[in-house]
Amino acid sequence: MDWTALWLSVRLATATTAVLLALGIPLAYWIVFSPRRWKFLVEAIVALPLVLPPTVLGFYVLIAIGPLTPVGRAYARMAGHGLPFTFEGLLIASVLYSMPFAVQPFSAEFASVDRRLLEASWSLGASRLATFARIVLPLSIRGLVTGIVLSFAHTLGEFGVVLMVGGNLPGVTRTVSISIYDAVQALDYESASRTSLLLLLVSFAILASTYSLQRSVWTKPRH
Amino acid sequence: MTVDVAPGSVLVLFGPSGAGKTTVLRQIAGLDRPDAGIICFGDHTWFDSAAGIWQPPQHRRIGLVFQEPTLFPHLSVEQNIRYGVRGQTTVRPRSDHRQTTGRPRADHGQTGARPVSEIARMLGVDQIGKRSARELSGGEAQRVALARALAPGPQLLLLDEPFAALDAPTRTRLRRDVRALLHRLGTRAVLVTHDRTEAMSMGDVMAVMIDGHVRQVGPIAEAFSHPSDAAVAASLGVEAVLPARVTASSGGLLTVAVARAELHVAEREPTPPGSDVYACIRAEDVTIETSSHARASARNRLPARVVAIAHEGPIDRVTLDCGFPLDALITRQSREELSLTPGAEVIAAIKATSVHLVPRA
């Protein structure tokens with residue numbers, strides 16, 4: 001089994017999830033509470049990775065972070081090397097690719113908070129930001145957990161985007177799904193099946209524990 | 001409209017469903033922005049479309065209570081009540097808030113609000129501070145919502161039919177407690193309701209709204225007894241509403257002083273002597289006699305003078321002065337048989353069961 005690849009995938013998924021938590025909460029807040037009419041465009045862009053072939057997304061990310069764009073060139077000047085085929089490049093691609101899996105559960109949960117609770121909080125002098133921190137976030141734990149878990153699990157299993165942006169460098173960009181692909185290419189079915197089974201079990205365990213958690217935590221019957 | 005509301009008293013926004021009462025309340029609260037106009041409270045301008053002034057709800061220092069008790073479900077009762085207080089007690093470190101319940105504390109708002117614990121005690125929720133907000137009954141939750149709204153010492157309390165979802169005994173008790181509390185705190189309130197009994201028991205001044213417009217503003221009894229037009233009269237119900245006081249009680253019969261006169265009233269709900277009430281009498285239930293010797297079952301036979309007679313189709317509305325104004329509806333035939341004219345001295349007869357008392361909360 002390719003432990004290096006598995007460890008890389010776990011690191012990538014963790015980092016992606018952390019970034020999505022930091023970016024996704026403000027973005028979901030904006031989508032839910034902004035009065036802007038054109039916010040549906042932002043929602044559509046966030047949801048794109050759900051329907052776009054990963055290769056298409058990966059292709060555009062590869063171009064965007066490569067030496068053909070000012071951003072890519074600026075990064076290359078600062079870091080001394082380009083973004084494509086690096087862990088950082090992979091991270092950017094993963095964040096974009098898993099964005100809907102974080103933002104959509106977040107915003108769905110934010111939107112489900114009773115609006116009168118927010119109005120009560122405002123009338124008690126709490127600013128919109130304080131109301132979000134003290135009322136909306138605590139009442140959205142379930143959606144936050146769902147978003148975190150889905151982002152993690154989705155990143156753990158990504159293939160096409162990684163292949164396009166990261167290539168196949170052992171320890172740097174060869175994630176677990178690529179290592180399975182390699183094993184199959186090399187007719188090493190035994191290794192492929194072991195890794196596949198592990199990925200299957202890990203994914204299932206993560207999802208099952210999340211759903212069981214949602215049942216018990218915040219679902220006490222109300223009067 | 002401009003209304004003078006004394007400290008501790010209640011302005012009732014009364015009207016049928018869909019009259020726009022809640023919209024007005026939400027605009028006062030700053031939750032909705034009117035298209036145009038001005039909203040002022042005392043010296044403060046909260047909204048002025050011409051001058052481009054808009055104060056968000058956070059800056060208006062209001063308390064808000066909805067029909068449903070909208071407590072923060074993830075917080076305890078005490079955390080709910082203290083939710084709005086934290087920002088104002090700027091000097092005290094936050095940890096200090098947790099250690100006390102029951103002991104009077106110096107949680108004064110800018111207008112010298114009572115300590116939070118005292119408000120909680122007066123609303124009877126001081127013993128359940130540790131419970132979760134989602135474990136409360138409807139009545140308890142609404143009491144906590146009221147305590148939460150009053151705790152920061154608001155300059156105006158806005159109540160949107162806050163008692164409508166409660167059962168009758170709970171509702172009556174809570175009305176009384178809230179009114180007593182507003183008096184003690186000197187807090188002004190606006191109460192939205194379409195319930196006449198609630199308007200009478202809670203209100204001091206009433207604004208009647210119909211189809212989005214305020215049609216009449218005035219003291220409760222005046223608004224009920226002298227509707228400014230037919231639409232207001234229809235929404236209020238046609239009844240004389242007379243400020244009165246219970247003076248005696250015996251054998252299920254109450255004696256009630258109305259102006260200079262006394263009425264005997266069948267006791268439906270226990271009402272101790274000394275209670276302030278409104279006596280409500282429908283014009284259909286008032287009969288007119290010219291001789292005081294007739295034997296009849298009506299307990300109340302008041303000497304009266306005919307002030308005016310108005311024709312309402314086949315029915316005549318006879319306005320009487322019995323020491324207080326009272327209308328009687330009689331047929332034209334009766335009026336002709338009694339040969340009533342303005343100035344005539346008559347007897348107004350009212351059955352003890354036809355007088356409906358609404359206790360002041």
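Per chain, numbering begins at 1; letters A, B, ... match sequence-line order.
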Worksheet item: Between the side chains of A/Ser98 and A/Thr155, does any donor sit under 3.5 Å from an acceptor?
Response: yes

Worksheet item: Can A/Arg11 be said to sit on top of A/Phe87's aromatic six-ring, NZ or CZ under 6.0 Å from centre and within 45° of the ring axis?
Response: yes

Worksheet item: Salt bridge or not for B/Lys130 and B/Glu135, using N-O below 4.0 Å?
Response: no

Practice prompt. Select one option (side chain, backbone, both, neither) describing which atoms of B/Phe66 are under 4.5 Å from chain A's heavy atoms.
Written response: side chain

Worksheet, complete the sentence: Cut-off 4.5 Å, heavy atoms of chain A, and the answer for B/Ala149 is backbone

Discussion item. Please report whether the ring centroid of A/Phe132 lies less than 6.0 Å from that of A/Phe110.
Written reply: yes

Practice prompt. Return the option, out of B/Leu158, B/Val65, B/Leu64, B/Leu75, with the maximum number of heavy-atom pairs under 4.5 Å with chain A.
Written response: B/Leu64

Worksheet, complete the sentence: Honestly, the part of B/Arg148 sitting under 4.5 Å from a heavy atom of chain A is both

